[in-house]
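Written out below as structure tokens is the structure these notes cover.
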Number of protein chains: 2
Amino acid sequence: MLKYQDVALRIKHMIYQQELPKGTQLANIEELINQYQVSRSTIIKALDRLERHGVIYQVQGSGIFVRQRKKSGYLNFMESHGFTVDLQDLPGSSTVFNVDIVKPDAQVQENLQCDADEEVYFIKRLRFVDGKVYGLEQSYYRKKLVPYLNKEIAENSIFSYIRDICNINIGFSDKYIQVTKLDAEMASYIGLPEGDPALFVEEIFYTTSGEPFDFSRVVYHCENTKFCVQGHAK
Amino acid sequence: MLKYQDVALRIKHMIYQQELPKGTQLANIEELINQYQVSRSTIIKALDRLERHGVIYQVQGSGIFVRQRKKSGYLNFMESHGFTVDLQDLPGSSTVFNVDIVKPDAQVQENLQCDADEEVYFIKRLRFVDGKVYGLEQSYYRKKLVPYLNKEIAENSIFSYIRDICNINIGFSDKYIQVTKLDAEMASYIGLPEGDPALFVEEIFYTTSGEPFDFSRVVYHCENTKFCVQGHAK
DNA sequence: AAGTGGTCTAGACCACTTT
DNA sequence: AAGTGGTCTAGACCACTTT
């Protein structure tokens with residue numbers, strides 16, 4: 001584990017375990033250097049990370065402060081699929097309908113940057129958080145990069161499997177977001193009336209080396225899913 | 001202007017002006033050090049910024065590459081209000097209905113962390129991008145921090161005014177996102193049928209020193225606004 | 001083995017806020 | 001004037017990929 005990651009984690013845990021309220025000032029940089037026995041740059045890198053994740057904010061000339069935690073009941077929009085996992089994660093599960101090997105249609109080809117004859121896994125599953133439906137996911141994985149998948153894996157976390165078993169490093173993603181009305185089929189899966197509003201997100205996931213390995217479409221249940229994004233001008 | 005900001009901008013401009021396609025490899029770090037005559041750390045900080053903004057991706061041991069640009073027709077969700085402005089910005093305008101000084105109700109008090117007797121500006125405006133309605137915005141600004149506002153300012157960019165004239169440094173924000181159905185009033189403003197789906201975003205903006213100065217609610221036109229988020233695991 | 005990005009350090013100096 | 005975070009440098013060494 002890298003030093004700056006370790007320091008960032010320890011500071012984050014300290015804030016959450018002690019339940020420091022928003023606005024609480026932390027020790028200054030000199031003190032943090034002594035506490036963690038690392039260089040100034042390493043402390044600054046750790047603090048930068050925490051700032052970008054909405055844990056703290058730094059004020060030049062003044063100090064380092066605890067930021068307000070997101071209101072409860074909202075999912076973290078940036079971490080909703082695969083990226084760094086939060087501390088207070090809610091329990092999730094899935095009902096899997098399909099795990100098929102198919103040929104990609106034109107749209108999937110374009111998003112996964114692959115040919116018509118390259119095989120891809122197609123998985124359709126209903127996802128639950130805390131016992132409630134939160135969305136219907138339909139995703140395509142390139143077999144070339146994810147050679148094996150089955151129902152059991154899809155019932156748990158596909159992303160942990162991809163990371164830990166396939167040794168794929170997840171690098172970045174492009175998310176495309178819009179709002180739609182549920183059609184009859186979607187409505188029946190989600191358990192809401194046809195025509196109800198829904199958030200529709202298409203996302204392409206890339207490995208750290210820039211290869212797309214997953215294209216997914218998710219329709220979110222409009223009542224059970226609300227999101228939060230803690231942004232930063234930096 | 002700071003060196004790393006300058007270097008980041010110059011690299012970004014270079015990529016966009018030369019229209020380098022995705023996957024194009026840039027010069028390596030040693031060469032960049034020579035080209036821009038700054039230290040290794042400054043180059044790395046500049047590249048980090050570009051990576052987080054979705055312009056490039058770096059692969060350890062391999063190189064620095066141009067990332068795919070977001071598909072056209074999608075607004076940048078992270079920069080949709082106040083933060084760094086993109087190059088290819090579309091022209092925006094607003095129709096302003098109210099610029100009133102009011103006392104905050106309970107919810108506004110909570111979000112702006114202020115008392116019931118503190119005065120706030122209440123502004124209601126319909127926003128257009130590229131000639132099309134994209135949302136109805138209702139926002140509250142603390143008079144203590146933004147002492148003066150009028151219709152003319154609200155017809156243009158309130159955030160540029162706040163930054164450049166009020167000398168407020170915009171630091172970070174909390175966004176809360178959900179999907180709803182338009183009620184009769186919203187529908188008439190937006191120009192869509194009642195009951196149509198809409199994205200509803202509440203956002204609290206803070207100064208760099210952590211004071212909330214703006215609480216806003218925006219209802220987005222579901223057909224005219226689609227968003228993109230280019231995320232990164234870092 | 002050579003090339004490329006990433007981490008980490010010590011230290012000088014700058015920018016901004018608080019006393 | 002003192003305190004606090006931010007920038008920038010030169011350089012050693014590590015991790016990973018390509019040749």
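Heavy-atom basis, side chains included; hydrogens, waters and symmetry copies ignored. Chain identifiers are assigned alphabetically (A, B, ...) following the order of the sequence lines, protein sequences preceding nucleic acid strands; residue numbering begins at 1 within each chain.
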Minimum-distance nucleotide (side-chain atoms of A:Q58 versus C:dT9, D:dG6, D:dT9):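 Among C:dT9, D:dG6, D:dT9, the one nearest the side chain of A:Q58 is D:dG6.
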Euclidean distance, atom [atom1] of residue [X] to atom [atom2] of [N] [Å, nearest integer]:
{"X": "A:I44", "N": "C:dA12", "atom1": "CD1", "atom2": "C1'", "result": "13 Å"}
{"X": "A:L50", "N": "D:dG5", "atom1": "CG", "atom2": "P", "result": "14 Å"}
{"X": "B:K3", "N": "C:dC13", "atom1": "NZ", "atom2": "P", "result": "14 Å"}
{"X": "B:Q37", "N": "D:dT7", "atom1": "CD", "atom2": "C1'", "result": "18 Å"}
{"X": "B:D48", "N": "C:dG5", "atom1": "CG", "atom2": "P", "result": "14 Å"}
{"X": "A:R40", "N": "C:dA12", "atom1": "CZ", "atom2": "C1'", "result": "11 Å"}
{"X": "B:E51", "N": "C:dG6", "atom1": "CD", "atom2": "C1'", "result": "11 Å"}
{"X": "B:K45", "N": "C:dG6", "atom1": "NZ", "atom2": "C1'", "result": "16 Å"}

Polar side-chain atom of A:D115 near backbone of A:D117 as donor-acceptor pair, under 3.5 Å: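 No.
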B:L32 side chain reached by B:I64 side chain, heavy atoms, under 4.5 Å: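 A side-chain contact exists here, since the closest heavy-atom pair is under 4.5 Å.
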Under 4.0 angstrom between A:Y4 side-chain N/O and C:dC8 OP1 or OP2: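 Answer is no, no contact under 4.0 Å.
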Sugar-phosphate only, base, or nothing, as touched by A:T42 at under 4.0 Å among non-hydrogen atoms: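 Counting heavy atoms under 4.0 Å across all strands, the contact made by A:T42 is with sugar-phosphate only.
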Aromatic ring pairing A:F159/A:Y141, orientation class (parallel under 30°, perpendicular over 60°, tilted between):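 Plane angle over 60°, so perpendicular.
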Sequence-distant partners of A:R52, side chain to side chain donor-acceptor pair (under 3.5 Å), two or more places apart: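 Side chain to side chain donor-acceptor pair (under 3.5 Å) check on A:R52 returns nothing, list empty.
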Residues forming a side chain to side chain donor-acceptor pair (under 3.5 Å) with B:D6, sequence neighbours excluded: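 So B:D6 forms a side chain to side chain donor-acceptor pair (under 3.5 Å) with B:R10.
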salt_bridge(B:K234, B:E51) N-O dist < 4.0 Å: yes
Intermediate values then yes/no, side-chain hydrogen bond (donor to acceptor under 3.5 Å, both in side chains), A:S94 and A:E155: CA-CA 5 Å; A:S94 302; A:E155 276 164 356; over 6 Å; no
Lys/Arg cation over aromatic B:F215: B:R142, 6.0 Å, 45° cone: no
Charged tip of B:K175 within 45° of A:F77 ring normal and under 6.0 Å: no
Counterpart residues, salt bridge (Lys or Arg N to Asp or Glu O under 4.0 Å), relative to B:D105 (two or more places apart): none
Secondary structure string for DNA chain C (Watson-Crick or G-U under 3.5 angstrom, | for other-strand pairs): ||||||||||||||||||.
Closest-nucleotide 5' rank along DNA chain C - winner of B:L47 and A:V38: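 First, find each residue's nearest nucleotide; the 5'-ward one identifies B:L47.
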Centroid-centroid under 6.0 Å between A:Y140 and A:Y121 rings: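 Here the rings of A:Y121 and A:Y140 have centres that are no less than 6.0 Å from each other.
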Interface residues of residues 22-34 of chain A with DNA chain C (non-hydrogen, below 4.0 angstrom): none
Polar atom pairs (N or O), protein with nucleotides 14-19 of chain D, under 3.5 Å:
from	atom 1	to	atom 2	distance (Å)
D:dT17	O4'	B:G61	O	3.3

